[in-house]
Every structure is written in structure tokens, then in C-alpha cells.
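The chains referred to below are lettered A, B, ... by the order of the sequence lines, with proteins before strands, and numbering in each begins at 1. What's counted below: heavy atoms across the whole structure, side chains too, no hydrogens, waters or symmetry copies. Values in this document were obtained by computation on a predicted structure and should not be read as measured data.
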There are 2 protein chains.
Amino acid sequence: MAQSDTVDRILDAAEELFAERGFSETSLRMITSKAKVNLAAVNYHFGSKNALIHAVFGRFLTPFSATLENAFDELEARCKGTPPTLNQTLWALTESAVRMPQRNEKGISIFMRLLGLAYTQSQGHLRKFLEQEYSQPFSRFMRLLKEATPQLSAVDRYWRIQFMLGATAFTMSSSDALQDILRNKLGVETTVQEIAARLVPFLAAGMQAQDALLVPPAPDKMPVA
Amino acid sequence: MAQSDTVDRILDAAEELFAERGFSETSLRMITSKAKVNLAAVNYHFGSKNALIHAVFGRFLTPFSATLENAFDELEARCKGTPPTLNQTLWALTESAVRMPQRNEKGISIFMRLLGLAYTQSQGHLRKFLEQEYSQPFSRFMRLLKEATPQLSAVDRYWRIQFMLGATAFTMSSSDALQDILRNKLGVETTVQEIAARLVPFLAAGMQAQDALLVPPAPDKMPVA
DNA sequence: GTCTGTTTGAAACATACGTTTGAAGCACAT
DNA sequence: ATGTGCTTCAAACGTATGTTTCAAACAGAC
């Protein structure tokens, strides 16, 4: 055939294995044997393991960032001048993520975990790649957040964005395991959409919490309320 | 001498390198050369690399869990019957962490990052070790959380605890990188104490947010506020 | 069919890893 | 001083990694 499916098989296998085990802990041999292709195929088609990692992210992130830009366009058009609220902005983001065409039922969960790993594992090349490649939708989201929380100082906002990112990446990345626990302990079924529906109010409330104290209280005098 | 300092030199070096680079990405040769000891010393004193990892955690976590139990004891004594509030519980935790005797100025920051990595990197042996060794203070913290948020359904509380854990683990696990960014972009210096002081109100507010909708709104009708 | 450019295949490459070995070094009690 | 128990050391072991090589297989154009 004119263009084999080797490339996609590698990407599928790599995406899943990276999400399960992390980047350093996943070898090219695991990937190629799961994908049922020759070991050399990775270096032939992608050039290196790092380039493969970039390709895995690119395959999801490029269409996603287009979807996200559209969602932001529509949101800003609907608001005509007045900046969108925090809830609207967060919903635009999560809706875009959830509505992405998914390769399989675990699609979004896998990718959230990959994003979390990208920030967590000290893969300098990945951070650099993501920041260079997708700086535009990222900055736009940041701008919307800033306009939606004008009461926050830049430093407060910076940290709270990290908190939001952490809560989201961590939860989504382990949502399979968490859903299992929940099903066994409380007998409840949960979808990714429902998790998002619980997450957004949590994030919005945290984001809009009263200003933090700049310094923790004296150790011998913890606040009583 | 009766007992050399080789063991501590290894632990110091390992702790720092693990925090900087992760577990898989740190080799025994990096550790022993930073500690200026022979390569074989790790396997001689600890048995294996995994056992070394456990020892690094044990050196901090064992005294910490004692400190934490005391803090909880004192808190419950001070509250005489009525359950401690959410803020009190969270503060007891962070205060215990911050007040731990630190080997160097980066002590607590390094350790927070290690804890984050423990959850993030899929190191099965580490998770198992931590859960077995420190289940008591963990369950106690969970019980306090439950008593401090009686208004939440079990399912809501479950998810929001995951959100808190995620925000904390993620932020702390990348706190070095985040502090760097902040220093370069806004010229601000930050201590772990300050991060904790910002994190606690965020978590408390999120935890006590109004009940989430059980189902997200129809995709074509995002909420306007 | 024959040529041409691309893709696959099995094997090897060099390097790095965690671990093991066995001799040497050392402090200390006898 | 001599033996003893622990510790250090240089060197090697076996295995796994990312990458390279080069011949074979393949598809499409002429």
C-alpha cells in the first residue's frame, strides 16, 4: 500500500505504554513488540525515541488546540466585549477535551495522564517542545483566566493555575483506577464527563478563594478557623 | 571508626538526585559519585536500588508520621469532642511537614517533590511500601477530613479528596521548575512555606464548594455563569 | 521485466545499567 | 602481633537500552 499503518500502530502502542509506565520506563522494544512492527521502524519513521514522544503529543494536541481555539472564539463572540467568566472558560476547555474524537474509550484519560507526566517527569525536551509548539492556545487560555479573575495578584493566579492543573492532570490520569475503587467501595459508576462536572466547581471555588495569607501563621498559633 | 558516614552520604546524595531527576532517571553511579563513595557501597549497605529508595523515604517519613500523630493528638485535644475544622486539619498537616527538622534549606521542598514522584512515577514497589508502612496516619487524616466535611456525600468527598491530592502532589512534585519560572518571569522568590500557605486556602475552598451538578449540561448549551 | 525509491527485517553496535565478586584495608579485642 | 568482623575498592558480570547497518522485500513507473 502507498502508506502503511506502521506509523499509526507505533503511535497507538507508544501512547498507551507511555501513559501506563512513563517515558523512561518504556523501551522501544516494548513499543515495537506491542505494535507488532520491527524494532528499527521507530528510528526509521521518527528518527529517535524523543521524536516519537513529540509525535505522540502532536497527534492529539494539534487537533485539540484547533478545537479549543474554536471554542474560545465562539465563547468570546457570545460574550461580546465583556470577558467570559471563570466558569465559562473552564467549561469551554473541558468541553473541548471531552468532545475530541477519541481513538478508544480511554482516549481522553490516557492523554490527561500523558500531559501530567510531561510536566512531572523531568523531560526537558518535552517541555520545550510543548511550549514552542502550542504557545498560542496556551497563552490565550491564560489571558482568559486573567480577565476572569482580575481580583487576584499575578503571583496568586500563577500558583492557583498550577493547583488547577495538578488536580486535573492527576485525577484524569488515574481516573481508571479511581473509578474502580469507587465502584467497589461505593457501588457507583462514573464517566469522565461526570468527573469533569465535579472538577470544574472545585477548581472554580479554589481559584476564587479569599486571598491567602502571605506567610503561614506562627507555628505555635495555628488558626482556629 | 565504628560507623562510617557512608550510609548518610548515600542517602543525602540519593535524596537530592531522585528529587531532581526521578527514580528511573537516576543511576547508582550518579549517586555514588555525588556521594563520593564506591559504587558497590549501595548494594552493600542497602541491598538494592529499590531498598535505597525505601530508605530515603523512611528517613523522612518515619519521624514525620510521628510528628503528624502528635499534631493530630494535640488538635483533637484542643477541640474536646467537636471535630476539628477542615482548615485546622489541613494546617495541622502542612505545619507538621514544614516544622520537620531539615537537613538543608531545601529539605522540605525536596521531600515534597519525592512524595509527588512517588504517586506520579509508576513505581509499584514504592506505593506498596508507603501504604504498608504508613497506613495509620493516612487513615487518621481521612477520618478527620470526613468529620470536617459532613455536608458532603461520600462520593463527592471521595472525588474532592482526589482533587486535593492531585493539586498538592503535582504542585510539590514540580515546585522547583515552577519556582524557576516564577523567578524568571516575575522576579519573585518563593519558599515551600509560602506555597503551602497558598495551597491550603485553595484546597479548603474547593473542598467546600457548592455541590456539583451531577450531570454536565448539554454540550450545545454551556452554562453562562 | 526492469529499474527506482521506499519500507521492512534480522542482526549487530556501543553504551549504560544494577549487581556480584574477591581481594585489600581497617579498627579493635585478645 | 594476630586474628576477626566489618567496610571499601577496582573490576567484572549479565542484561537491557537506543541506535545503526545492510540486505531483502515491496510497490509503482517505464
According to side-chain contact (heavy atoms from CB on, under 4.5 Å), who are the partners of [X], at least two apart in sequence or on a separate chain?
X         : answer
Ser33(B)  : none
Asn70(B)  : Asp73(B)
Thr62(B)  : Tyr134(B)
Glu147(A) : Pro83(A), Arg143(A), Leu144(A)

**Prompt:** Residues two or more places apart in sequence or in another chain: which of them pass side-chain hydrogen bond (donor to acceptor under 3.5 Å, both in side chains) with Thr149(A)?
**Reply:** Arg157(A)
**Message:** Checking Glu69(B) now: which residues fulfil side-chain hydrogen bond (donor to acceptor under 3.5 Å, both in side chains) with it, not counting sequence neighbours?
**Reply:**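 side-chain hydrogen bond (donor to acceptor under 3.5 Å, both in side chains) check on Glu69(B) returns Gln136(B), Arg140(B).
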[N] [atom2] sits how many Å from [X] [atom1], rounded?
X        : N       : atom1 : atom2 : answer
Asp8(B)  : dT7(D)  : CG    : P     : 13 Å
Leu17(B) : dG18(C) : CG    : P     : 12 Å
Ile10(B) : dT8(D)  : CD1   : P     : 8 Å
Asn38(A) : dG9(C)  : CG    : C1'   : 5 Å

**Request:** Could you list all the salt bridge (charged side-chain N to carboxylate O under 4.0 Å, His left out) pairs where at least one residue sits in residues 27-40 of chain A, not counting sequence neighbours?
**Result:** Glu16(A)-Lys34(A)
What nitrogen or oxygen pairs link the protein and nucleotides 21-24 of chain D at under 3.5 Å?
none

Table of protein N/O atoms under 3.5 Å from nucleotides 15-18 of chain D N/O atoms:
from	atom 1	to	atom 2	distance (Å)
dT17(D)	OP1	Ser27(A)	OG	3.2
dG18(D)	OP1	Lys49(A)	NZ	2.8
dG18(D)	OP2	Leu28(A)	N	2.8
dG18(D)	N7	Arg29(A)	NH1	2.8
dG18(D)	O6	Arg29(A)	NH2	2.9

**Request:** Say whether Ser24(B) and Glu25(A), considering side chains only, have a donor N or O and an acceptor N or O under 3.5 Å apart.
**Result:**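 The criterion, which ignores hydrogens and geometry beyond distance, is satisfied for Glu25(A) and Ser24(B).
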**Request:** Please check the phosphate of dT6(C) (OP1 and OP2 only) for any side-chain N or O of His45(A) closer than 4.0 Å.
**Result:** no
